[in-house]
Amino acid sequence: MDISFLQAALIGIFYYLSWSPWFTYVGFFTFNRPLVAGFITGIILGQPLEGALIGAGINVIYLGFISAGGAQMGDPSFAGYVGTALALVSNLDVATAMAISVPLGTIATVLWIAKMTVNSFFVHWADKEVEKGNVRRLAFINVFPPQILLFLVSFIPATLVVFYGPDAVSGMLRVMSPSVLHVFTVIGAMLPALGIAMNLKLIGNSFTMPFFVLGVILSVYFKQDILIIAIMGVVLALTVTSLRYSGKKDVNV
Amino acid sequence: MQTAKTLTKNDVLKSWFRWYMFAQSNYNYERMQATAFAHSMLPVIEKLYPDKEDAKAAVQRHLSFFNTEPICGAVIHGITIAMEEEKANGKPITDGAFNGIKTGLMGPLAGIGDTLTQGIITPIMLAICIGITNNQNLAGPIIFLIAQFTIMTTIQLTMWMNGYTYGKKAVEQILEGGMINKVIEGASILGTLVMGGLVGRFIPLQTLISFDVGQVKFNLQADLLDKLMPGLIPLALTLIVLSMVKKGVSPIKLMGILIALGAVTGILGIF
């Protein structure tokens, strides 16, 4: 499959938008996630389902992604948009797509650090304008200069990698034997352990971990869908919390 | 004789909408969300302080360092608006009081907020919608979009309005009431179960090791591990990674370790 410059640029624009305020702050919880990124990239490249499946795979690696105070473990959005695009154009399977997306997401952290650093200058600009009494200028400074900067540091690299990357990827694949591709599949099967573990660090404790083992058994042994497992989880959560918290009210009173 | 300055619901909503959009627009290392906080206060400040110098002083006090989780932290903005309204009507509230409330609350609310939004709601919604997508169903990403926008917007708006209406009491209810613990505990049970469900789908590791025992071929996966517990390898791998995460090994280092481990075991034919 070939990719036109227009398609590459559209993917670059959506990558920018996913970090921008234009989808509201909730954009960070939606358009920024590889599941949605893969879906949108798939639509742009005419393969929405394939894109969504690749995005879903990449997203498991970043399931425990938490951005707190500007420190983070990579850029899931870059891995999602760019990784899906490279995978669709080069015809990669989901596991290989996951393996190549991780380095992309890690390198892209540089863009985030650059943005957070340069943005500090705009704060001083805002200080000066407010000091002069131009209070309304603050709205402009909080929105436009940082967004122009963000557009430059996000749109340009993403578009270029999406447009020129497939040649490098397909060149790499041509020299690779089936056994090397098998290694990619193994790597792709191991990386989700990180995303799941990162999330368990937050919500897993001696009380909840048995439910994790139960979830593994339900999916591997009983081969249940996530949706069914989630419904069972809601029932369990309601039962367990109402048992644990019943009667506690009397103690408090 | 001065008439009372009151804010309408519309003023409070206008202010909320600016935060809803631009909370992280100018996120930076120096003062984090400072310009976004002040930006969101502009509609309120302009209404309450017709005097230019008063308005300038109000904007300046909100340009100080501020960093919280934008969804749950919105209760702080609600409280701040209520305080500004009182100050405009003559109550002697100092800049230090504003700063005290803001910096005192932003930490705890960032903790609760990050746990709830990034640690619980988003991963659970993702896990469910990734599961739906994996059944070759495009409803996955679409349901995810609709659900996340509905949930996050509702929480943020509720926080904001409660902060404005109940002031500091709103935070006491959140921080001290048993409700939040119950919600986090219930969601953690649901979350861990669903995380376990993802293991089967996304860590399909099966060992290829086999021995010849006499004339019979002994396949380690089919003849032993599947009989003991299918999914033992993915489960063990996740628990090992978890223990390393808990020991403080950085995620980026762990990515490197997993890539190396996958390469070595793949080449050796273990997987």
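Every value quoted in this text rests on a predicted model; they were computed, and no experiment measured them. Protein chains get the first letters and strands the later ones, always in sequence-line order, with residue 1 at the start of each. Reckoned from all heavy atoms, side chains included, excluding hydrogens, waters and symmetry mates.
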Atom group of [X] that falls short of 4.5 Å from chain A, counting heavy atoms:
| X | result |
| --- | --- |
| B:K52 | side chain |
| B:L239 | side chain |
| B:E53 | neither |
| B:S250 | neither |

Give a yes-or-no answer on whether the side chains of [X] and [Y] include a donor-acceptor pair shorter than 3.5 Å.
| X | Y | answer |
| --- | --- | --- |
| B:T122 | B:Q148 | yes |
| A:S18 | A:S77 | yes |
| B:Y27 | A:W112 | no |

TODO: State, to 0.1 Å, how close A:L138 and A:A126 come at their nearest heavy-atom pair, and which atoms those are.
DONE: CD1-CB, 3.8 Å

Open item on the list: Are B:H77 and B:F66, when compared by the centres of their aromatic rings, separated by less than 6.0 Å?
Closed with: yes

When [options] are compared by non-hydrogen pairs under 4.5 Å with chain B, the top option:
| options | answer |
| --- | --- |
| A:L49, A:L236, A:V36 | A:L49 |
| A:V94, A:I217, A:T117 | A:T117 |
| A:V213, A:V130, A:L202 | A:V130 |

Open item on the list: Parallel, tilted or perpendicular, judged at 30° and 60°: which one describes the rings of A:F207 and A:F211?
Closed with: perpendicular

